[in-house]
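Note that ligands are numbered from 1 as they come in the structure, with each ligand's atoms numbered from 1 the same way. These values consider heavy atoms only, across backbone and side chains, with no hydrogens, waters or symmetry-generated copies.
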Amino acid sequence: MRIIGTGVALPQLRVTNDMIAKYVDTSDEWVASRTGIKERRIISTESLIDLGAQAAKDAVAAAGIDMADVDLLICSNVANSYVTPSLGCIIQGKIDATCPCFDINNACAGFLTALDMADGYITSGRYKNILIICAEEPSRIVDWTSREACILFGDAASAAVVTDGEGLKKIKLSTKSLPDVLYYRRKLEYNPFVTKDQGEYKPLQMNGREVFKMAVSASVADIKKVVEDTGWKMEDVDMFVLHQANLRIIDSIRQHLDLPEEKVPHNVERSGNTSSACIPILLNELIAEGKIKKGYKIVFSAFGAGFSSAAATYEWK
Ligand code: ACO
């Protein structure tokens, strides 16, 4: 399986830390020093559906195929205003695709999860060209009256087209059921027959320190495992494209693996954590800047709510 095109659509509005400090008790100094994030894009006037459609069209154009050649659409999304139908189904209608579509939710590990599924479909011969869309609007699940989580996230859509061929080497997904460290619990409709206590509905709740520790240990272990399973040495890898949650997490993973700074690119300072959209956004930037060369050995790694994590080795063709 190989990646043949990527696309990104970002909201217009740039929200700096100072802008957030007008609503919650925080500061640019605190956010920048604790997370590396200086600004993020937030959806104000656009719709997530339109951003997803734009990223998808750009990825298909970059792949040099027609929308009619897309055999399957997998959309990764944590939450949006439609619970049903799936976001992928809605986006399909905006991009004139006709293939089957469905959503997956594996939080920030969503892109690599979709890549793993796509690889299975392609390897089995079921589908050839698969469009993966990662459309995320975390700004609508965080609590904007509390400073803990709203500073971390940004909204975005990104997409990638994958097809048969050489590229993906190994991919590994892991899940450890720890819902309490990071969750968003939304309200369901009134039902006159429900008598049990339904618990509390909450905007995104996060044990930041626990997530930090788990993110670093999971990512370091996943990367070591996929690199070893591929038969590579860590020093053979040219680029580590990591989930963009926090610059301190990225730095800590880099230090644990003893990697040089130039092999671990980041854009979290400009985008914040865009959940599953992060990796294709960074990949799209690196491709546009000519920083990924033919034959490059690449490692992808992501982690998020679940607690779920994923890593992959990939040779750029
Ligand atoms: N502004 C100012 N002060 C703050 C803020 C803020 N935005 N947030 C917390 N503080 C305060 C706390 O209240 C605390 O104050 P106290 O000492 O008086 O109690 C102090 O700063 C230190 O808080 P900590 O939580 O210990 O700060 P820490 O250095 O751990 O940084 C952070 C917090 C940035 C959340 C960090 O733990 C982190 O990045 N964790 C990972 C979070 C993450 O990546 N989540 C997304 C995962 S991916 C996904 O699937 C969604």
Side-chain angles (χ1 to χ4, degrees), residues 15-40 76-80 104-114 134-156 158 173-186 202-220 222 242-254 266-269 271-279 281-282 300-311:
V15 174
T16 63
N17 297 332
D18 284 335
M19 287 161 79
I20 296 181
K22 290 187 182 140
Y23 301 94
V24 295
D25 181 17
T26 191
S27 65
D28 177 51
E29 195 283 325
W30 195 95
V31 178
S33 64
R34 294 300 220 290
T35 71
I37 301 165
K38 295 191 165 67
E39 62 176 40
R40 73 289 287 145
S76 165
N77 170 259
V78 170
N80 71 93
I104 60 159
N105 178 350
N106 200 17
C108 301
F111 174 67
L112 295 181
T113 307
C134 301
E136 302 283 12
E137 197 174 8
S139 71
R140 297 305 297 274
I141 67 173
V142 295
D143 181 356
W144 283 96
T145 65
S146 155
R147 63 189 180 179
E148 275 72 28
C150 66
I151 51 132
L152 295 173
F153 296 95
D155 302 329
S158 58
L173 308 183
S174 308
T175 303
K176 193 172 182 182
S177 180
L178 286 167
D180 291 347
V181 295
L182 187 59
Y183 69 93
Y184 165 53
R185 197 159 181 275
R186 70 181 143 183
K202 300 248 189 184
L204 193 79
Q205 303 293 303
M206 183 183 72
N207 180 336
R209 286 194 171 184
E210 228 14 67
V211 172
F212 194 117
K213 278 191 274 177
M214 291 196 309
V216 174
S217 59
S219 193
V220 167
D222 289 350
L242 308 183
H243 176 51
Q244 303 290 297
N246 176 330
L247 196 54
R248 280 164 64 215
I249 293 178
I250 296 168
D251 279 342
S252 181
I253 295 168
R254 185 174 57 71
H266 46 83
N267 62 6
V268 67
E269 45 280 69
S271 306
N273 179 349
T274 59
S275 190
S276 69
C278 281
I279 287 183
I281 294 176
L282 185 55
F300 298 109
S301 168
F303 48 81
F307 192 85
S308 292
S309 68

Exercise for the section: Drop me the distance from D180's CG to Q205's CD, to the nearest 0.5 angstrom. Expected result: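 The CG atom of D180 sits 10.0 Å away from the CD atom of Q205.
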Exercise for the section: With rounding to the nearest 0.5 Å, note down the distance linking OG1 in T16 to NZ in K38. Expected result: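 Reported value, rounded in 0.5 Å steps: 12.0 Å.
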Heavy-atom contacts with [X] under 4.0 Å: which atoms of ligand 1 show up? List them by number with element.
{"X": "G304", "answer": "48 (S), 49 (C), 50 (O)"}
{"X": "F153", "answer": "46 (C), 51 (C)"}
{"X": "L182", "answer": "47 (C), 49 (C), 50 (O), 51 (C)"}
{"X": "T35", "answer": "34 (C)"}
{"X": "I151", "answer": "7 (N)"}

Tell me the protein heavy atom at minimum distance from [atom], and give that distance in Å.
{"atom": "atom 42 (C) of ligand 1", "answer": "M206 SD, 3.6 Å"}
{"atom": "atom 48 (S) of ligand 1", "answer": "C108 SG, 3.2 Å"}
{"atom": "atom 36 (C) of ligand 1", "answer": "F212 CD1, 4.0 Å"}
{"atom": "atom 10 (N) of ligand 1", "answer": "W30 CZ2, 3.4 Å"}
{"atom": "atom 44 (O) of ligand 1", "answer": "A245 CB, 3.5 Å"}
{"atom": "atom 43 (C) of ligand 1", "answer": "V211 CG1, 3.8 Å"}
{"atom": "atom 18 (O) of ligand 1", "answer": "R147 NH2, 5.0 Å"}
{"atom": "atom 46 (C) of ligand 1", "answer": "N273 ND2, 3.6 Å"}

Taking the side chain as C-beta and beyond, is there a heavy-atom pair between [X] and [Y] under 4.5 Å?
{"X": "S275", "Y": "C108", "value": "yes"}
{"X": "R248", "Y": "F212", "value": "yes"}
{"X": "Q244", "Y": "T274", "value": "no"}
{"X": "S76", "Y": "N106", "value": "no"}
{"X": "T175", "Y": "S308", "value": "yes"}

Are any non-hydrogen protein atoms located under 4.0 Å from [atom]?
{"atom": "atom 13 (O) of ligand 1", "answer": "yes"}
{"atom": "atom 38 (C) of ligand 1", "answer": "yes"}
{"atom": "atom 32 (C) of ligand 1", "answer": "no"}

Handout entry: N or O pair under 3.5 Å between A107 and ligand 1
Key =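 So ligand 1 has no N or O lying under 3.5 Å from an N or O of A107.
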Practice task
Flag G208 as yes when one of its N or O atoms lies below 3.5 Å from any N or O atom of ligand 1, and as no otherwise.
Solution key: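 Right, the criterion is met.
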Exercise for the section: Pick, from E29, E136, R248, R34, the option with the minimum heavy-atom distance to atom 22 (C) of ligand 1. Expected result: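 That would be R34.
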Practice task
Determine, considering heavy atoms only, which of H243, M214, R209 sits nearest to atom 24 (P) of ligand 1.
Solution key: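 Going through H243, M214, R209 one by one, R209 has the nearest heavy atom to atom 24 (P) of ligand 1.
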Practice task
Of the side chain and backbone of T26, name the one, both, or neither that has a heavy atom under 4.0 Å from an atom of ligand 1.
Solution key: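 Both backbone and side chain.
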Problem - For ligand 1, the portion of V24 having any non-hydrogen atom under 4.0 Å away - result: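 Neither part.
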Give a yes or no answer on whether the side chain of [X] reaches the backbone of [Y] with a donor-acceptor pair at less than 3.5 Å.
{"X": "S33", "Y": "W30", "answer": "yes"}
{"X": "D143", "Y": "A149", "answer": "no"}
{"X": "E137", "Y": "N80", "answer": "no"}

Problem - side-chain contact (heavy atoms from CB on, under 4.5 Å) assessment of D222 paired with F303 - result: CA-CA 10 Å; D222 289 350; F303 48 81; over 6 Å; no
Exercise for the section: Decide, yes or no, whether a salt bridge links D251 with R254 under the criterion of side-chain N to carboxylate O below 4.0 Å. Expected result: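 Judged by the 4.0 Å cut-off on N to carboxylate O distance, D251 and R254 do form a salt bridge.
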Exercise for the section: Decide whether the shortest distance between a heavy atom of S275 and an atom of ligand 1 is less than 4.0 Å. Expected result: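 So S275 does not count as touching ligand 1.
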Handout entry: Donor-acceptor side-chain pairing of S146 and E148 below 3.5 angstrom
Key =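 Note: S146 and E148 side chains meet the donor-acceptor criterion.
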Exercise for the section: Consider only side-chain N and O atoms of S139 and D155, and report whether a donor and an acceptor are under 3.5 Å apart. Expected result: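 Indeed, the side chains of S139 and D155 share at least one donor-acceptor pair under 3.5 Å.
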